[in-house]
Amino acid sequence: MSASARDLMHAGQMPLFAADQVRELDRRAIAGEIDGFALMQRASGTAWRWLKARWPATRSLTVLCGGGNNGGDGHVLAALAAHEGRRVQRYSLVPRERLSGDALRAAKMADAAGVEWHDWQSGAPIDGEVIVDALLGTGFQGELRPAWADAIHAIRDSGRPVLAIDIPSGINADGAAAGDIAVRADVTVTFIADKLGLYTGCGAAHCGEVVVEPLGLDALAHHDIRPIAWRLAPQYLTEMLPARPRDTHKGALGFAGVIGGAPGYGGAALLAAEACARSGAGRVMLATAPEHVTASLVRCPEVMARGLIHATQLPPLLESLSVLAIGPGLSQGSWGQAMLQCALEQSLPMVVDADALNLLASRFTGMQRDNWILTPHPGEASRLLGCSVAEVEADRPTAARQLQSRLGGVVVLKGAGTLICGPRGLALCPYGNPGMASGGMGDVLTGLITGLVAQGLELEQAAQCAVLAHALAGDRAARQAGERGLLASDLAFCARILINPTMGEEDAAATR
């Protein structure tokens, strides 16, 4: 393991690999001292143990097998289950005569255990209490053939719990979009190394609980195979946000500014400013339309609210700032355009969100800076890239990298499995929940990022910590009262608990 990779793991970042990298690790292991079939048995045994742990009362299961090693894992698991007295229904999508190597050996092992072989036919019954998906594995790309799509439809229509071997069939291991349909697993047991596609886009919705089983192999021992991304873990907050010294004063914690809230759009800016204050910034100034000042003072009097009619009033307010956020409730009208023009003339570190991003895409094109953080959702990302939302979601990692390359700085591509792309590479946050699909959530995130930058974190670290705290706060709030009706204003206090090291440890442990 390289020193840099070890340091990142200690800092709460776990490595994520591409499918071809994992296949190369598998090849190297087999070329060394590990027999390929023995490694297959190790993988299948591990998956079988997880199935029993999750569903201990299971008396019967249905195993659907493809070709290659993924199908072989399914055949071996079927044999293990039969040996332990479970009733096993085994379907194969690949004719027996087309199997070879370890996959054929695995099929014969299931034969010897008394597990009947059935070729998959449309409309075939699924009798098992639990389904094992061993159809496609990490090699899947492109469109499903009709028989495979039919089998996946049958799995989904059965209503039975599903354990996926390595990855749910139909999901791309590298984070590209799934086909027209994919298996929705309750548990995914993935082998050798963790994969990026399990956590973002379609993968986040289809993988359920992800269990990483290295099978005795150390992916980071191969210095020429470097992770393509890093998955953030709760302990990252403790590593990056240690306890403050006793002699800390507000002047040492930065002065953050938030520009937003055009006439009639005050709520977003107020949410961002309060979240910035809750993140621990020493001082927070809100520049907004005059009509929103009273609401800001009532909601959070700690924020210094300034009512601006014209952008010419803005420069004096920016002179002492450490960082500036712009976009929440900015609108794309003349007020918002003038404020953004003024902000872009400053050399301050910036967090750019919402309508400021839309204006960058339409009126302030071609800009690139090293000292800003851009936080687009897929719609805003599509406008910045000049493509469709579907194209962004078809390959979220590539979209994040393209945005960072084109615009510079750090890019936070929001959504299921939020991605943070900066000069050091790609990070992923696997937390958050559907209850966070409501108005104002992005404004709170903008405030948290801005506050952490004000306190001295590097832009990339601030974005990662804020995204992680935001997602974990959403999960904490959902545990307390449910996902439906979760409001953005519920998150600021929960995030405050998480970014304080002594308060966050209990929650971090509960999330592991």
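Every value quoted in this text rests on a predicted model; they were computed, and no experiment measured them. Just so you know, these numbers use all the heavy atoms, side chains as well, and skip hydrogens, waters and symmetry mates.
Taken to the nearest 0.5 Å, the SG atom of Cys276 stands 10.5 Å off from the CE atom of Met285. The structure places CH2 of Trp335 at 11.0 Å from CD1 of Ile309, a figure rounded to the nearest 0.5 Å. Atom CD of residue Glu274 and atom CG of residue Asp443 lie 12.0 Å apart, to the nearest 0.5 angstrom. For the atom pair Leu491 CG and Leu271 CG, the distance stands at 10.0 Å (nearest 0.5 Å).
Inter-residue side-chain proximity for Ile420 and Val411 is flagged as unmet; no heavy-atom pair is nearer than 4.5 Å. Annotation: side chain of Leu286 is not in contact with side chain of Val293 (no heavy-atom distance under 4.5 Å). No side-chain heavy atom of Arg401 sits under 4.5 Å from any side-chain heavy atom of Gln404. Residues Leu472 and Pro234 form a side-chain contact, since some pair of their non-hydrogen atoms from C-beta on lies under 4.5 Å apart. Using a 4.5 Å cut-off on side-chain heavy atoms (C-beta onward), Phe191 and Asp26 make no contact.
Salt-bridge check for Arg42 with Glu213: failed, with every basic side-chain N at 4.0 Å or more from each acidic carboxylate O. A salt bridge does not link Arg396 to Glu391: none of the charged side-chain nitrogens sits closer than 4.0 Å to a carboxylate oxygen.
Among the candidates Cys300, Ser296, Ser489, Pro328, the single residue satisfying the side chain to side chain contact (heavy atoms under 4.5 Å, CB included) test with Leu270 is Ser296. Considering Asp166, Thr188, Asp174 in turn, Asp166 is the only one that fulfils the side chain to side chain donor-acceptor pair (under 3.5 Å) rule with Lys195.
In this structure, Thr450 contributes its side chain and Gly257 its backbone to no donor-acceptor pair below 3.5 Å. The main-chain N or O of Ser362 is never found under 3.5 Å from a side-chain atom of Thr365 such that the two would form a donor-acceptor pair.
Nearest heavy atom pair, residue Leu403 against residue Pro376, reads CD1-CG, 4.1 Å.
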For Gln464 and Arg424, run side chain to side chain donor-acceptor pair (under 3.5 Å): C-alpha distance rounded to whole Å, both residues' side-chain angles, the deciding distance at 0.1 Å, then the answer.
CA-CA 12 Å; Gln464 292 170 355; Arg424 295 190 183 94; over 6 Å; no
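Other residues, nucleotides and ligands place more than 12 heavy atoms under 6.0 Å from the CZ atom of Phe364. Around atom CZ of Phe255, more than 12 heavy atoms belonging to other residues, nucleotides or ligands sit under 6.0 Å away. Heavy atoms from other residues, nucleotides or ligands lying under 6.0 Å from CZ of Arg28 number more than 12.
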List, one per line, each side-chain donor-acceptor pair under 3.5 Å for residues 342-361, sequence neighbours excluded.
from	atom 1	to	atom 2	distance (Å)
Glu345	OE2	Gln341	NE2	3.3
Gln346	NE2	Cys342	O	3.1
Asp353	OD1	Thr375	OG1	2.9
Asp353	OD1	Lys414	NZ	3.3
Asp353	OD2	Thr446	OG1	2.8
Asp355	OD1	Gln332	NE2	3.2
Asp355	OD1	Asn358	ND2	3.2
Asp355	OD2	Ser331	N	3.1
Asn358	OD1	Arg383	NE	2.8
Asn358	OD1	Arg383	NH2	3.2

